[in-house]
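For reference, the structure discussed in these notes is given below.
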Amino acid sequence: MFDGLAMMNEAELAEITRMIGVDKPPSSRDVLSDIVSGWLARAVKKEGRSKPEVERAVLEWTAHAFRIPFEPSIDTNDLERAIRRKIAAEASAYLNSSWMLTCALVASGKVDTVERKLTLLEQAASMAIPSQAALARHRAEWSKICARWRDVDPLPELRPHIATVAARSELGVECLTLGLALSLLDGGIPFPTERLFRALSDEFGLDRGQSDSLQKRVNNLYWKHHNASQPTQARSGGYGDPIGAAARQTVYEAGALEALATDSRANLFLSLQPEGKKTGWSRMMGSLSGMSSFFSDKMKDSDQANLARVVYHTIVKQHVAVAAANVERREIEAERQARMVQAATAPPQPTPFTEPPPAPVTAPPQAAVPLHAAPQTSPTFPEEGEVSSPPPLAEKVEQPAVKRVIKLDL
């Protein structure tokens, strides 16, 4: 957990301190880290204790809160893994119905943009599913569902999902906002998408004024980013794909992506600043990822919900870092294997025709060296206790160090 905290930058730590009540976070990363660490210790009544003691107490509290059985002797790494697996599984089940509604809105638009929309949906869901393999399985399911709903009315199948989402705080509004933002990859909200959006708005109890306001907000965000991405006389560049760039930025600013935690994977939103009116956790977790609603509904006490959010966030940070390191190692090994195969199968290089080399010049005779004379040079050997250096390797690749034993299965 503290390894994940150490991976956070100043912006992430500042958002946590805002969330726990610090109106004006300091600029020093060390001070920010101390504030968050102290808050964690106070939350489990372990002030003045060592980090391992605080970490263990926080993890055990989280395990009890989510009813995760464990033996007192369980290793901390295994306890972290159990927490990540349980929260991810529960969050995935909690958000499944909202993903189905989003898929229906995605499928109602242009066919050739469906996969691009699902890529953004996948990123929005990555906090609930911190596993590339599990995300790939969900992505395949969403693609099949969208293909089926292209030519049929999805509402009959959506009835149970609508009822589930409508009963969960603000999840319905978040789901509609995400669906509208994704639909902007079509260059605007198509009529079939708007018609389905209106039907779902009615199901969630939104009147026409509220649904109009929601649609207007998403549209305004989109066109602000679309216009900003166009080249001007003063700026000779611009995005190669202004519609895609504007849609991605709209999804982020609307709160759909957990931007700070996914920077290491997507690197799409490094230059964007969230809206000032949004809460710290909305900027950090992304309200439309669904995780904010999940923790709020799971734990009605706001302080406990915040603690669970931070614990899960730090664990996922560690998981993502280790996953990235494993990918890098695999890529390095694959490149090394490819070079070895290429060297082994490469045909011998032809020797160009050249004139015979000139005869060696005979050296003048030298005086004979007496047998008892010492040679001019002699090999050197290390003294006792001294270690000789090995010959240099043809290539040396530094592997990233992994502090924690993180298992990547979900």
Side-chain angles (χ1 to χ4, degrees), residues 95 98-110 113-114 116-125 142 146 154 158 162 165-166 168-230 239 241-259 262 266 268-269 272-279 281-283 285-293:
L95 295 171
S98 68
W99 294 334
M100 294 300 100
L101 299 182
T102 304
C103 282
L105 290 166
V106 165
S108 65
K110 294 181 179 179
T113 60
V114 166
R116 295 171 67 195
K117 296 173 187 175
L118 292 182
T119 295
L120 284 180
L121 175 59
E122 184 179 340
Q123 292 172 3
W142 296 338
C146 288
L158 291 177
I162 291 172
V165 172
R168 290 177 171 172
S169 61
E170 297 298 316
L171 193 58
V173 174
E174 295 171 357
C175 176
L176 291 174
T177 307
L178 175 59
L180 286 179
L182 296 180
S183 72
L184 292 172
L185 278 171
D186 293 334
I189 300 175
F191 175 72
T193 303
E194 183 174 357
R195 183 174 56 190
L196 180 57
F197 164 73
R198 297 295 182 184
L200 293 176
S201 297
D202 292 341
E203 297 285 349
F204 295 147
L206 300 180
D207 59 32
R208 186 59 182 246
Q210 290 172 314
S211 61
D212 283 347
S213 177
L214 178 58
Q215 184 175 358
K216 181 179 179 181
R217 174 178 176 248
V218 175
N219 262 318
N220 287 345
L221 285 173
Y222 170 78
W223 285 110
K224 180 184 73 173
H225 293 305
H226 185 280
N227 294 336
S229 67
Q230 297 287 350
Y239 294 95
D241 177 18
I243 292 177
R248 286 194 298 273
Q249 295 178 43
T250 301
V251 169
Y252 164 68
E253 194 165 340
L257 293 181
E258 191 278 299
T262 56
L268 292 175
F269 309 103
L272 299 177
Q273 294 296 326
E275 291 178 300
K277 66 184 180 182
K278 296 173 71 175
T279 64
W281 194 256
S282 291
R283 291 204 299 262
M285 287 288 285
S287 62
L288 299 192
S289 69
M291 293 302 290
S292 183
S293 296

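Just so you know, these numbers use all the heavy atoms, side chains as well, and skip hydrogens, waters and symmetry mates. The residues of the chain are indexed from 1 along the displayed sequence.
No donor-acceptor distance shorter than 3.5 angstrom exists from the side chain of Lys117 to the backbone of Leu182, with no hydrogens or angles considered. A donor-acceptor contact shorter than 3.5 Å links the side chain of Asp207 to the backbone of Gln210.
With Val165 as reference, Leu171 is the one residue of Val173, Leu200, Leu171 to meet the side-chain contact (heavy atoms from CB on, under 4.5 Å) rule. Only one option out of Thr102, Leu101, Leu105, Val106 pairs with Leu178 in a side-chain contact (heavy atoms from CB on, under 4.5 Å); it is Thr102.
Closest heavy-atom contact between Gln215 and Leu180: CA-CD1, 3.9 Å. The two residues Thr193 and Ser183 make their nearest non-hydrogen contact at CG2-CB, 3.9 Å. Minimum heavy-atom separation, Pro154 to Leu196: CG-CD2, 4.4 Å. Across every non-hydrogen atom of Leu158 and Met100, the tightest pair is CD2-O, 3.9 Å. Shown here for Gly109 and Pro190, the closest heavy-atom pair between the two residues is CA-CG, 4.2 Å.
Atom CZ of Phe197 sits about 10.5 Å away from atom SG of Cys175, to the nearest 0.5 Å. Going from atom CD1 of Ile189 over to atom CZ of Arg195 covers 14.5 Å, rounded to the nearest 0.5 Å.
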The test is salt bridge (Lys or Arg N to Asp or Glu O under 4.0 Å); show your working for Asp212 and Arg198 and say whether it passes.
CA-CA 9 Å; Asp212 283 347; Arg198 297 295 182 184; 2.7 Å; yes
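Contact annotation: the side chain of Ser211 never approaches that of Leu176 to less than 4.5 Å [non-hydrogen atoms, C-beta and beyond].
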